[in-house]
Amino acid sequence: MSNKNSTYAILEAIQHEMRNDPHLTMLYEYQRPVAADPLGNVIDLYKEFGDLRIPDWGPIDEEWLLGGAAGIAMTGVRAISHLPSMTTVRCFELVFNQVGKLRHMTGGQVNMPLVVWQDASGRRPGSAGQHADAGQEALYAAIPGVKVVIPANAYDAKGLFTAALRDPDPVIFFQYGAAINGVQIDVPDDPYVIPLGEAAIRQEGTDLTIVGYGPAAVEINKAAPDLKSFGISAEIIDPRTLKPLPIDPIIASVRKTGRLLVVDHGHESHGTASEIIARVAMAVPGAKFGRSTFPDAPPPGAREMIAWMTPDAPKVVEASKKMMQP
Amino acid sequence: MSNKNSTYAILEAIQHEMRNDPHLTMLYEYQRPVAADPLGNVIDLYKEFGDLRIPDWGPIDEEWLLGGAAGIAMTGVRAISHLPSMTTVRCFELVFNQVGKLRHMTGGQVNMPLVVWQDASGRRPGSAGQHADAGQEALYAAIPGVKVVIPANAYDAKGLFTAALRDPDPVIFFQYGAAINGVQIDVPDDPYVIPLGEAAIRQEGTDLTIVGYGPAAVEINKAAPDLKSFGISAEIIDPRTLKPLPIDPIIASVRKTGRLLVVDHGHESHGTASEIIARVAMAVPGAKFGRSTFPDAPPPGAREMIAWMTPDAPKVVEASKKMMQP
Amino acid sequence: MHEDKSETVMTPDEETKRPARGGVSRRNFLQFAGAVGATTAFVSKARVASAGNGWTTSLDDFPKEKLVGMYRTMLKSRTWEDTFKELFLAGKDGLYGAFHMSIGMEASSVGTISALREDDYIASNHRGHSHLIAKGGDLNKMSAELFFKQTGYNKGFGGSMHITDVSKGILGMNGIIGPQYLFAAGAGYSAKVRGTDQVAVAFGGDGSVNNGWYYSGLRNAALYKLPMIAIVENNGYQIAMPQERTNNLRNLSDLGAGLDIAYETVNGMDVLAVHTVMQRAVARARAGEGPTLIETKTYRFMDHSGLAGAKPGVLGAFGLPYRSDSEVRAWIAEDPIPKLRRQLIANDIITDAEADQVVAEVKQLVDDSIEFARSSPLTIPEAGLENVFAGTSVAASQFVGI
Amino acid sequence: MHEDKSETVMTPDEETKRPARGGVSRRNFLQFAGAVGATTAFVSKARVASAGNGWTTSLDDFPKEKLVGMYRTMLKSRTWEDTFKELFLAGKDGLYGAFHMSIGMEASSVGTISALREDDYIASNHRGHSHLIAKGGDLNKMSAELFFKQTGYNKGFGGSMHITDVSKGILGMNGIIGPQYLFAAGAGYSAKVRGTDQVAVAFGGDGSVNNGWYYSGLRNAALYKLPMIAIVENNGYQIAMPQERTNNLRNLSDLGAGLDIAYETVNGMDVLAVHTVMQRAVARARAGEGPTLIETKTYRFMDHSGLAGAKPGVLGAFGLPYRSDSEVRAWIAEDPIPKLRRQLIANDIITDAEADQVVAEVKQLVDDSIEFARSSPLTIPEAGLENVFAGTSVAASQFVGI
Ligand SMILES: Cc1ncc(C[n+]2csc(CCOP(=O)(O)OP(=O)(O)O)c2C)c(N)n1
Ligand SMILES: Cc1ncc(C[n+]2csc(CCOP(=O)(O)OP(=O)(O)O)c2C)c(N)n1
Ligand SMILES: [Mg+2]
Ligand SMILES: [Mg+2]
C-alpha cells in the first residue's frame, strides 16, 4: 500500500492477472511496461513474462496492435492492446466495425476479452495538433459493443483495469497524462475490482452538481476548496465509466441540487457533456444546465492559448459561480 | 426541373463545378459516377471529364481515396473523395488528425477544399453488422475543423453539395440510401446554393418541436399527416447541417412549443440527439425532452429485429403522443 | 422506367450498382484462361499439369478418400449455393439480404482448407460460404441463417455475409474487406502463446490486397514468424472493376518478394494444384517458418452479389456489362468440379455411378437443410437488443419512455 | 526520488519515456557503420566511393555552387538545431515543447532536396527541421515558431513538430507517422491534373514503413505512375526500439521489389551519394515513369527528442540506455558535414578560409533568427479560437455563458 502512480497501479493489475492466466498477452509499441512504486519496487512485465506474452519488439503499427490483439482475443486468449497517446483513433474503424460488432453480428458466438489501454495526452502546452488531445473516449462510447473507462487516479485505475481484464467484452481504457499522478491516493497491493459502470461521489453537496472524469476530475478536485470558500456546496461526481454510463446517481443528485455543471477536456460539440446533460434534462425537467469544455478547436501549441482554452480549476470555480446566479 | 433523385442532383452539382474549375478532381471506388434523371438525361462524369479527374480505375482503398484527395486539396486543387457506405469511419483518423487539424495547426496556412461524399446505408434489413449503419455523421461533427452535412432530399442534396464544393474547408457529406428518393421534390437544372448551417422548417406548429435529419427526416415527413389527424400541431425542423449546427431556430421553436422530440437513426448514446437536447436544455429551462433513436446495438440482419429497432413513422407518431401527455 | 434507370445506374447501395463497362482489355484474363484450358485438357493418371504456376500434381500422391472428399466438398458448396440461387430466382420463401456466391471458385476454398486440421483457424470474407463448408460448417445452420431464422448460425443476426462457427475454428465471414489478415495473424500469435501448432488462414479477394490491413497482417506474420497463411482469391474483379485496373502487379503474390516471405501463385481452378501448394505452406507454418502468401487465380461464374444475369438451371451469369460472355464461358470450361470428376473416373478412382451417388447424397443434405430452415421459427424482434454485451440487453431507445 | 523514478520509467507521454535496453544485437548497424568508415576515408577528386549502395559519385559531376550550396545548407540545419539545443540546455528563453533534432542526418535531407526544384513538394515528419531548411525555409519564422511566437511560421499554433510553408511547397512537418506518403502521392496526382512536371517527396523514418499509409501511398503512386518519391530515413531506431526488431527486411527499400517500382538503398551519410540516387529518381518521376523508394541509412547523433544525454558544446548524446556510446562515436566519425568540407578542400573546390566564411555567415543567420524570435510578441490567447475554419472563430466554450 503506497502512493503509486496509475501506471504502476495498472501494471500491478496486469501482473496479477497474468500470473493467474498463463496466456494473457499484451501487444504494445516502444513503451516497455516497466514501472516503480515509491518504495522502489519495480514491475517489469517483460522480464517476468518474456518475449511472447510481452513482446518487447515490434513495429509502429497500431492497427496490428489492435487488430492482432482482436485476433488473439477471438481465439480465447485474453489480450491487451496498449496504444500511444497521439493515436487515440488510429484504429477506430476496427473497433467500430469489428471489435464492437462481432458478438452481436455472430449471434453471441464471438467473445472479445480485449482491453485497449489507450494513452491520452490531455491539454498540455507545446505539443499542438495531434499531441495535446482529449475527449476521444466520447467517440468510443458512441460505439455499440464496447465499454469505456477513464480513471482519474491510481486507485481507480487499478480497480477498473482489473475489472476490464475480467470482462468478457472489449473495454477501452483511457489513461490520461493528468491522471497518472493526478489525485494522490494510496493503492492497495492486493488485487481488487471497481465494477464498470459505478460512479464515485467525491463530495456531497446541495447547491450544484459538478460532473467530470479524467483530467476534468483532477481540475474539479483542485477547485473544491475554493468552491467551499465561496460558499458553494457542490456535489462532485466522477462517473469513471462512460459506457455503461452511471447516470442514476447524477440524476439523483440534480434532483437534489437543481443545477448541473459538466466539465470536460473534450470538445464542446458532441462530447460527453452533451450526453450527460441530455439524459438529465429528460429526467429532471426544470433543472439548470451548464458545460465547460475545451472549444471546438484543435489544441494550439502556445502555452497562452491552450491554457486559456482548457477548463482548469479557476474556470471550474468561475463556472460554478455563474451557475449559482439566479 | 424534374423529380431527380439525389444522386443525379449531386452529379449535376459536380458537373457544373467541374466545368467551371478545370482541376476539380474526384477519387472514388468502383462506383462510376453515372446517373439519369426522369427525362432520360444522363450525366456521365467519366465520359465528360476523363480518366485523370474522374479516374474510373483504382483500388479498394479508402485511405487512399481520402488521404490522396487531401494531398490533392492541399496543393490547391479542389477534390472530392467518394467513399462507400460500409466504410463510414474507415478513414476516421485521417479526418481527425489531419484533414480537420491542418489549417489550425499551421496557423491558417493549409486550405483543405475537400468534400468527402460519404455513402451511408441506413437501417436496411438483410445486411447486418456493417452494412446497415447510421449515425456516424455525429462522430464527424465531434471533430474540430470539419463541417458535416446530411440532406434528406434531392433538392437539399444539390444545394448543399454546391455549397460544400465552394467552401474552403473540408465538408463531410452523408448521402443516406433513404434520402436518394426520399421526399420527392423538383430539382432545378441550374446551380444554386443552400448555405451550410441553415435549418429547414418543414412544417410550422405550436405543440411540439420535432427535429430530425436524413433518414429520420424522411420518417418524420411520413408521420406528419398522422400527427395532424391526432390533433398534434408539430413544428418539424430538419437541421440539414450538423456542423455548423443551426441551433437557433430549434431553440426558438422549443421556446414556443415547450417540447422537443429528436428522432435519429443513429444510436442512443452520444448521438446527435444528445447534442441537440443538451443545447436546447441549456437555453430553454423547463422544456420537456424526448429522443427516439436506434438502440445502442449494431444493426441485426433479420427484418423483424431491425424494423422493430428503427425509429420509423409509426414510432414517431407514438413518441409524439407520449410527448403530449401531461 | 426512366426513374428506374437513374436508380439502377447509381445508388449508394453498391451491391445493386452496375457501373458501365470500363472498356478495359481482358487480355490478361483470357490469356490465363487460355493457358488453363490448354493444360488441363490433358488428364492422365501419371501427372496432371496444373497450369499457371509451374507445379504439377499427381493423383497418386492422394489417398482415395481425400480425392473423393474434395469432390464431395466442392459439390456440397456448389449445390448449396446453387439451390439458394434457384430459391432466390423463384422468389420463394421470401428470401432477402446479401448473397455472394463462390460458384466457380470451389477449388480454391476446398483445395486450401482440405490441407488444414480441424483445430486450425480460418478468417473469411464476404464470399465465404465455400470456405465454411470446406471447414465443416453445418448446412442446416447455414441455411437457417440465410433465412434469418433463430436456428441459424448467427441466430438471424448476421445473414449470409457473417456466418461464423467459432467451435470449428471458423472466425467468421465478414462484410468488411481486410481485417481477416489481422485476425489470422492474431490467431497465429495466439497459437504460439498457447504452444499449439495450429495454423491460421486468411481469405480475401483480389480487392483485399490494396488495404493496409493486408500489408500489416502479412508483415507482422513475417516479423514474428507466425503460422499464418494468406489466400488471395483472384477472381479477376472487384464488383465490376477488373483486377488489372487496381494494382500494378500481374501476379498478386509477388508482394511476397518485397516482404521476404514465401509466396506462390497457383491455378485456382485445379483443386489438386491448390492443395499441393497449400500443403507446403501449412508444413512451413507448423514448422515455425512463418507465413506464406498464396494467390489462387480463379473466377466467379455468377455476378458479384445477387442474381443479375442468372437464369434458373443455367450455370453462370451472362450479359453483365463489365465482362464478356465468352470470357465467362472460357472459365466455365475450367469448372473444377466436373474436372475433378473426369480425373477421378478416368483414373479409375471412382466410377460414374459412385460419382452420381455422391451427387445424390449431397443434394439430399442440401435439401434437408432448406427444409430445416423453412420450418425454423423467425427471430423475436426484441432479441435484437441482446448480444451487444455478454448476458445483458441494451435499452429499447426507439421508444420514448415518458 | 523514488516517485521520480516511477514517473520517468514509464508515463503515457512517450516523448519522455526511456524503455530499458532491449539487449538486442547492434551488429547490423555497426557493420554498416564500419563499411562506411572504410570507404569514405578515401577522399579523391576522381571518385568518391559512397559505401553501402554500390554507387560511386565524382565531385566532377557537380558545379562548385552546388557543392558549396550543399555544404552551406547542411551547416545551416546543423547550426540552427545546435543553437536551439544549447538554448534548451541553458534553460534560457523559457523554451518548451517537442524538439526532434536531425543532427547527423543532414546528408539525407540536403542530398535529396537539393535535387528538387523550388516548385516541387515535400511532406515531412516529426524530424523535419532539416527538410525545411533544405527546401528554403525561413530561419526567422522557424525560430519564432519554436518560441511559439506570433511571427512564427504557424503563428505559435504548431511549434517544432508542425512547421509548414505552403508557399515553398513544404506541405508540412507532421506529428503523426505515415500520412506523408498519402499526401505526397496526392500532391503528385495534383501535379498530373494541373499538367505540371512537379515532383512530390515524402519523408519518413524507419518506423514509418510499417504503416498502412506507406503501403497505400507507394502502391497508388505505382498504379497511377505518380511523380512521387518516398525517402525512408533509416536512422536505426524508433525512439528506443532498434529497427531490426520492427521489420524483417534488412534493407527497407526492398519492399519496392514487391511493389514493382524502382528502389534503392543509399549511404545516408554521404550527401553526394544521396544526391545522385535522388537525381535519378527525380528524372524518373518527371519523365512519368512513376515512383521511387529510397532508403537512406543514417543516424541521429542526439536522442529521439529532447535533451537526454546531451551536453553543452558536445556533439552527440551519450549514455542512453538503448544504444552504446561506441556506436554513436562510429557514426559521428561519418558526420557528413566535416566529410564534405574535407572533400571540398582536398579537391581544391574551396579553401579552408572560404569554408570558415560559410560557417560564420550561417552562424550569423541563425543568431539573427533567434534575436528575431526573442523580440517577437507572444500569441494572444483568444487567437486559439481562430483558424479552425477559414475566416471565423469558434465559441469560447470553456466559459459557461449564462
Ligand atoms: C473496406 C471495404 N471497402 C469496400 C467494400 C465494398 N465491397 C464489398 S465486396 C467488394 C469487392 C471485393 O472484391 P474482391 O476482394 O476481389 O472479392 P470478390 O468479391 O471478387 O470475391 C467491395 C468493394 C467493403 N466491403 N469493405
Ligand atoms: C501513428 C503514430 N504512432 C506512434 C507515434 C509516436 N512516435 C513519434 S516518433 C516515433 C518514432 C519514429 O521512428 P522513425 O519513424 O524511425 O523516425 P525517427 O524518429 O527515428 O526519425 C513514434 C513511435 C506517432 N507519432 N504516430
Ligand atoms: Mg475479386
Ligand atoms: Mg528512426
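Side-chain atoms are counted along with the backbone in the values below, which use heavy atoms only and exclude waters and symmetry mates. Within every chain, numbering begins at 1; the chains are lettered A, B, ... in the order of the sequence lines, protein sequences first and strands thereafter.
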>> With a 4.5 angstrom heavy-atom cut-off, is it the side chain or the backbone of K155(C) that approaches chain B, or both, or neither?
In response: backbone
>> Let me confirm one number: the NE2-NE2 distance from H126(C) to H131(B), rounded to the nearest 0.5 Å.
In response: 8.5 Å
> Is it the backbone or the side chain of I380(C) that comes under 4.5 Å from a heavy atom of chain B, or both, or neither?
Replying inline: backbone
> Using non-hydrogen atoms only, which part of E63(B) is less than 4.5 Å away from chain C: side chain, backbone, both, or neither?
Replying inline: neither
> Within a reach of under 6.0 Å around NZ of K141(C), are more than 12 heavy atoms found that belong to other residues, nucleotides or ligands?
Replying inline: no
>> Which one wins on heavy-atom pair count under 4.5 Å against chain C: P300(B), G58(B), A319(B)?
In response: G58(B)
> With a 4.5 Å limit on heavy-atom distance, are the side chains of M305(B) and F148(C) in contact?
Replying inline: no
> At a heavy-atom separation under 4.5 Å, does I43(B) approach chain C through its side chain, its backbone, both, or neither?
Replying inline: neither
>> So, applying side-chain contact (heavy atoms from CB on, under 4.5 Å) with V400(C), which one of R291(B), M323(B), E318(B), K321(B) is it?
In response: M323(B)
> Can you name the closest pair of heavy atoms from G384(C) and A297(B) and give their distance?
Replying inline: O-CB, 3.9 Å
> Does G175(C) offer a backbone N or O that forms a donor-acceptor pair with the side chain of Q130(B) under 3.5 Å?
Replying inline: yes
>> How long is the straight-line distance from CH2 of W308(B) back to CD of Q398(C), given to the nearest 0.5 Å?
In response: 5.0 Å
> Do I60(B) and S208(C) come within less than 4.5 Å of each other through their side chains, counting heavy atoms only?
Replying inline: no
> Can you name the closest pair of heavy atoms from A396(C) and P295(B) and give their distance?
Replying inline: CA-CG, 4.5 Å
> When only pairs under 4.5 Å are counted, which of N174(C), N247(C), N387(C), I177(C) shares the most heavy-atom pairs with chain B?
Replying inline: N174(C)
>> Using heavy-atom distances under 4.5 Å, tell me whether E386(C) contacts chain B through its side chain, its backbone, both, or neither.
In response: neither
> Is any side-chain heavy atom of E29(B) closer than 4.5 Å to a side-chain heavy atom of M241(C)?
Replying inline: no
>> Under a 4.5 Å cutoff for heavy-atom pairs, which residue among M309(B), H265(B), K315(B) has the most contacts with chain C?
In response: M309(B)
>> To the nearest 0.5 Å, what is the distance between CZ on R303(B) and OG1 on T379(C)?
In response: 10.5 Å
>> Please classify the contact of T293(B) with chain C as side chain, backbone, both or neither, using a heavy-atom distance under 4.5 Å.
In response: both
>> As an exercise: rank P59(B), S269(B), P298(B), G122(B) by heavy-atom pairs under 4.5 Å with chain C and give me the winner.
In response: P59(B)
> Which atom pair, heavy atoms only, marks the closest approach of S127(B) to H162(C)?
Replying inline: O-CE1, 3.1 Å
